[in-house]
Q: 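Here you go, one structure.
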Amino acid sequence: MVVLVLLSVFVARSVSHTITFLDVPLWVDPRRDAELRCQYTRQAQDPPLHSVKWYRDTNEIFRYTPQEYETRAFNNTGIAVMNSSCDSRSCVITVKPERGTAKYTCEVSSEGPRFAVDRKSSNMTLAVLPEYEPLITGLPTLVQAGEQALVNCTSDYSLPAATIDWFVDSEPQEDPLIVGVTHVSGADSEGLRASWRTLHVFPDDYVTHRGYLSLRCRATLPTRPPLVRSMSVRLYVASRPLISSYMFSKNNAVASNDSRRVHAELTFWTFLLLFMSQVPCVMK
Ligand SMILES: *[C@@H]1O[C@H](CO)[C@@H](O)[C@H](O)[C@H]1NC(C)=O
Ligand SMILES: *[C@@H]1O[C@H](CO)[C@@H](O)[C@H](O)[C@H]1NC(C)=O
Ligand SMILES: *[C@@H]1O[C@H](CO)[C@@H](O)[C@H](O)[C@H]1NC(C)=O
Ligand SMILES: *[C@@H]1O[C@H](CO)[C@@H](O)[C@H](O)[C@H]1NC(C)=O
């Protein structure tokens, strides 16, 4: 009985700090330090926080030990911890990202006697930025109204592949008949991929008073914050032959109506003249 009571006390006391949130960016921009955040909670019966440790793969890179008022960065793995801000509820570090993928682990332990541990991991990969701005190809010098133009936007090789969006006069294009999907090339020797997306523009679908449509291609890499590159071009639209041909046929219609009316009037007058010329005979 005593053993049972002791056991249950032990079980209740064995609860440790629990990691509630681990935030490691999946992709990092090589030009920025990456911020890694670990948040944890403590139950009322838990012992106080003993330490928070950050690992890159299996190497400890940072340790926070609140009882000793100490934070330590470990430099032996070549990873530079640039800054840190830790307390009893969260521990945030900023690191200079390294090429490739690494698994980052946050490990929280409570004070003894058990030094119970909770840990969570997440991968982080250094993005490889596209070297060139997105390239728009296939732009016709002039498109006739009533015709369509096929314009291609290609984003340079990058890791991960960029997603591409098209805008016509600042309006995002989502209709699958107008923009298909972003196509992604095979990986090159370094694992980088190019991507492209084709815009089908029907100038008649847009109202333009300037003689051109502004086409913008936007390539986005899902780093944090996202890396965005854009390219804009003008698609010149020939001055409304469709409207003038419509006007033309309308004028024709008017003209033929007129001629029909003229014809009818002529017939009427001819008939009247004939009739009148007959009248005297009748009168006679
Ligand atoms: C870590 O290493 C870098 C060079 O790799 C050095 O500049 C820096 O001072 C070192 N930091 C510590 C805390 O030893
Ligand atoms: C480190 O972080 C603190 C607050 O978290 C900030 O005030 C400080 O400017 C940062 N230092 C560097 C070198 O980034
Ligand atoms: C991290 O990446 C490795 C391979 O690079 C994979 O095996 C592992 O499951 C990933 N871990 C997480 C937490 O995504
Ligand atoms: C668009 O460009 C990509 C890459 O340059 C190419 O593979 C693809 O065939 C092009 N598509 C069209 C419709 O021109």
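Just follow the structure's listing: the first ligand is 1, and inside any ligand the first atom is 1. Position 1 is the first residue of the sequence; numbering continues from there.
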Q: Of the options Ile164, Thr154, Leu135, which is the one that meets Cys217 in a side-chain contact (heavy atoms from CB on, under 4.5 Å)?
A: Ile164
Q: So between Asn123, Leu22, Asp57, whose heavy atom ends up nearest atom 12 (C) of ligand 3?
A: Asn123
Q: Tell me which protein heavy atom sits closest to atom 1 (C) of ligand 4, plus the residue, atom name and distance to 0.1 Å.
A: Asn152 ND2, 1.4 Å
Q: Considering non-hydrogen atoms of the protein only, which is the closest contact for atom 5 (O) of ligand 4, and what is the distance?
A: Thr154 OG1, 3.5 Å
Q: If we count only N and O atoms by modelled type, under 3.5 Å, do the side chains of Arg216 and Ser230 hold a donor and an acceptor together?
A: yes
Q: Applying disulfide bond (SG atoms under 2.5 Å apart), run through Cys91 and Cys106 and close with a yes or a no.
A: CA-CA 9 Å; Cys91 186; Cys106 172; over 6 Å; no
Q: For Arg210 and Asp169, what are the C-alpha separation, side-chain angles and deciding distance, and is it a salt bridge (Lys or Arg N to Asp or Glu O under 4.0 Å)?
A: CA-CA 11 Å; Arg210 299 168 304 190; Asp169 286 341; 2.7 Å; yes
Q: Checking contacts now, so for atom 7 (O) of ligand 4, which I'm interested in, is there any protein heavy atom under 4.0 Å?
A: yes
Q: So, are Glu98 and Lys96 salt-bridged, with charged N and O less than 4.0 Å apart?
A: no
Q: May I ask you to identify the nearest protein heavy atom to atom 13 (C) of ligand 4, giving residue, atom name and distance to one decimal place in Å?
A: Thr198 OG1, 3.7 Å
